[in-house]
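Right, one structure below, let's go through it.
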Amino acid sequence: MWVDINVHLELMSSPPEHVLEAARSVDVNFIATGTHPDQWHWIESRAPYLAFGLHPHHVDQQCPWPSILEDLLTRYPQSAVGEVGLDFRSGMPSEESQIHAFESQLALAQSLDRAVIIHAVKSHHEVINSLRRVKCERFVIHAFTGSREIASAYLSLGGYLSAGGLITREPKPRVVSVFQSIPQDRILLETDAPDLPIAGEQEGSPAHLPLIGYALAKDLGLSETALQQLCTQNALNLFDYDFSQSN
């Protein structure tokens, strides 16, 4: 079994039931991640594994999202917090508002003992500072593309790093060498579907996760089966889900 730790089910071009069916046909289970309150309620009944979080794109929400988020996390005691984080590209909400929302969600995750799925774009140093301030140690940086130094900083805080469809492309991206250098018990896999598609595809799908796994297995000098078992165990360790149960 493979585990895709980050899928945006509401953005897929196929209906949710078809996405689930296609994923299960290649032995993939996935976490449907949250981004904002309306979407949180939409995903509730559409996937067996869930994460709820306010994405940095949406931190200017004019609604009582903190109480809504806490209620959902309480009602779904195995759900994770995500996708949350910081994105300092131009046109995004202010850095101050992003940091406030991010750290409040890290603190909530800490209080409920939940794993956190983190989005970090042009913001690694501030993400690291926030993790240190809140003392959050149960997290994964999704679709990691940073340097060895940044990877080392996240790992020193207890985090995991997730590899996505980028690693299937040619020429090999520099981040492949980072994954080759880090402890294998800190590696996770994702598609970020429908974003970040694998080489040759226009849209990502959780059904493509085995192809990402195959590419990374070759890069790490592992068999496909060994990497599958490794990453599934890593996902279990971080999220504390029984991914074999597809309810």
Side-chain angles (χ1 to χ4, degrees), residues 1-55 65 68-84 105 108-109 112-119 138-143 160 162-165 187-198 203-213 225 227-247:
M1 176 187 61
W2 298 95
V3 177
D4 184 343
I5 64 101
N6 187 31
V7 172
H8 298 288
L9 193 58
E10 77 286 357
L11 300 179
M12 300 291 295
S13 60
S14 298
E17 59 272 20
H18 293 177
V19 177
L20 280 163
E21 182 181 358
R24 288 169 177 163
S25 72
V26 291
D27 203 20
V28 172
N29 280 331
F30 63 83
I31 300 173
T33 49
T35 55
H36 61 86
D38 289 342
Q39 185 257 8
W40 298 341
H41 294 301
W42 184 90
I43 63 172
E44 275 189 86
S45 61
R46 288 179 165 87
Y49 308 106
L50 300 169
F52 303 102
L54 192 70
H55 193 282
W65 66 263
I68 299 170
L69 177 59
E70 184 169 4
D71 176 67
L72 282 167
L73 291 169
T74 301
R75 287 198 285 115
Y76 293 89
Q78 281 198 305
S79 59
V81 174
E83 180 181 334
V84 304
Q105 292 178 95
L108 179 59
L112 297 175
D113 190 22
R114 304 297 174 86
V116 186
I117 301 167
I118 296 177
H119 172 103
R138 189 178 173 192
F139 67 91
V140 55
I141 304 299
H142 102 84
Y160 291 70
S162 179
I187 297 174
L188 294 169
L189 298 173
E190 68 174 284
T191 60
D192 196 29
D195 298 327
L196 301 181
I198 62 172
E203 179 179 277
S205 167
H208 298 157
L209 194 75
L211 299 176
I212 296 173
T225 298
L227 185 78
Q228 180 188 46
Q229 293 173 345
L230 170 73
C231 291
T232 297
Q233 185 60 51
N234 293 347
L236 173 63
N237 292 343
L238 176 61
F239 293 101
D240 195 27
Y241 292 165
D242 181 358
F243 287 100
S244 66
Q245 300 298 313
S246 298
N247 51 4

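These numbers were taken from a predicted model, which means no experiment stands behind them.
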Minimum heavy-atom distance Ser14-Val19, with the two atoms named: O-CG2, 3.8 Å
Check: Val84 and His119 side chains under 4.5 Å, non-hydrogen atoms: no
Distance-minimising heavy-atom pair for Leu72 and Ser79: O-OG, 4.4 Å
Non-hydrogen atoms of Ile5 and Glu190 that approach each other most closely: CG1-CB, 3.9 Å
Closest non-hydrogen atom pair between Ile43 and Ala51, with its separation: CD1-O, 3.7 Å
Salt bridge (Lys or Arg N to Asp or Glu O under 4.0 Å) partners of residues 29-50, not counting sequence neighbours, each pair once: Glu44-Arg75
Donor-acceptor under 3.5 Å (Gln228 side chain, Gly213 main chain): no
Pairs satisfying ring-ring contact (aromatic ring centres under 6.0 Å, His included), at least one member in residues 1-29, at least two apart: none
Pairwise distance CD(Gln78) to CG(Asp242) - rounded to 0.5 angstrom: 8.0 Å
Under 3.5 Å donor-acceptor, Asn29 side chain and Phe243 backbone: yes
Close side-chain approach of Leu50 and Trp40, heavy atoms under 4.5 Å: no
Listed partners of Phe30 passing ring-ring contact (aromatic ring centres under 6.0 Å, His included), at least two apart: none
Side-chain heavy-atom pair Pro16, Glu10 within 4.5 angstrom cut-off: no
Any Leu20 side-chain heavy atom under 4.5 Å of Pro48 side chain: yes
Residue pairs passing the salt bridge (Lys or Arg N to Asp or Glu O under 4.0 Å) test where at least one lies in residues 231-241, sequence neighbours excluded: none
CD on Gln105 to NE2 on His55, rounded to 0.5 Å: 11.0 Å
Spacing of Ile31 atom CD1 and Leu9 atom CG [to the nearest 0.5 Å]: 13.0 Å
Where Tyr160 and Leu188 come nearest, the two heavy atoms and their spacing: CB-CD1, 3.9 Å
Counterpart residues, side-chain contact (heavy atoms from CB on, under 4.5 Å), relative to Thr225 (two or more places apart): Ser223, Gln229
Gln39 and Leu11, any side-chain heavy atoms less than 4.5 Å apart: no
side-chain contact (heavy atoms from CB on, under 4.5 Å) assessment of Leu238 paired with Val140: CA-CA 8 Å; Leu238 176 61; Val140 55; 3.8 Å; yes
Residues forming a side-chain contact (heavy atoms from CB on, under 4.5 Å) with Ala193, sequence neighbours excluded: Val7, Met12, Thr191, Pro206
CG on Asp195 to CD on Glu203, rounded to 0.5 Å: 9.0 Å
Closest non-hydrogen atom pair, Ala109 against Val81: CB-CG2, 3.8 Å
Close side-chain approach of Cys231 and Val3, heavy atoms under 4.5 Å: no
Qualifying residue, where the test is ring-ring contact (aromatic ring centres under 6.0 Å, His included) with Phe52 and the options are Trp65, Trp42, Tyr76: Tyr76
Euclidean distance, Leu189 CG relative to Thr232 OG1, rounded to 0.5 Å: 8.0 Å
From Thr74 atom OG1 to Leu108 atom CG, the distance as rounded to the nearest 0.5 Å: 7.5 Å
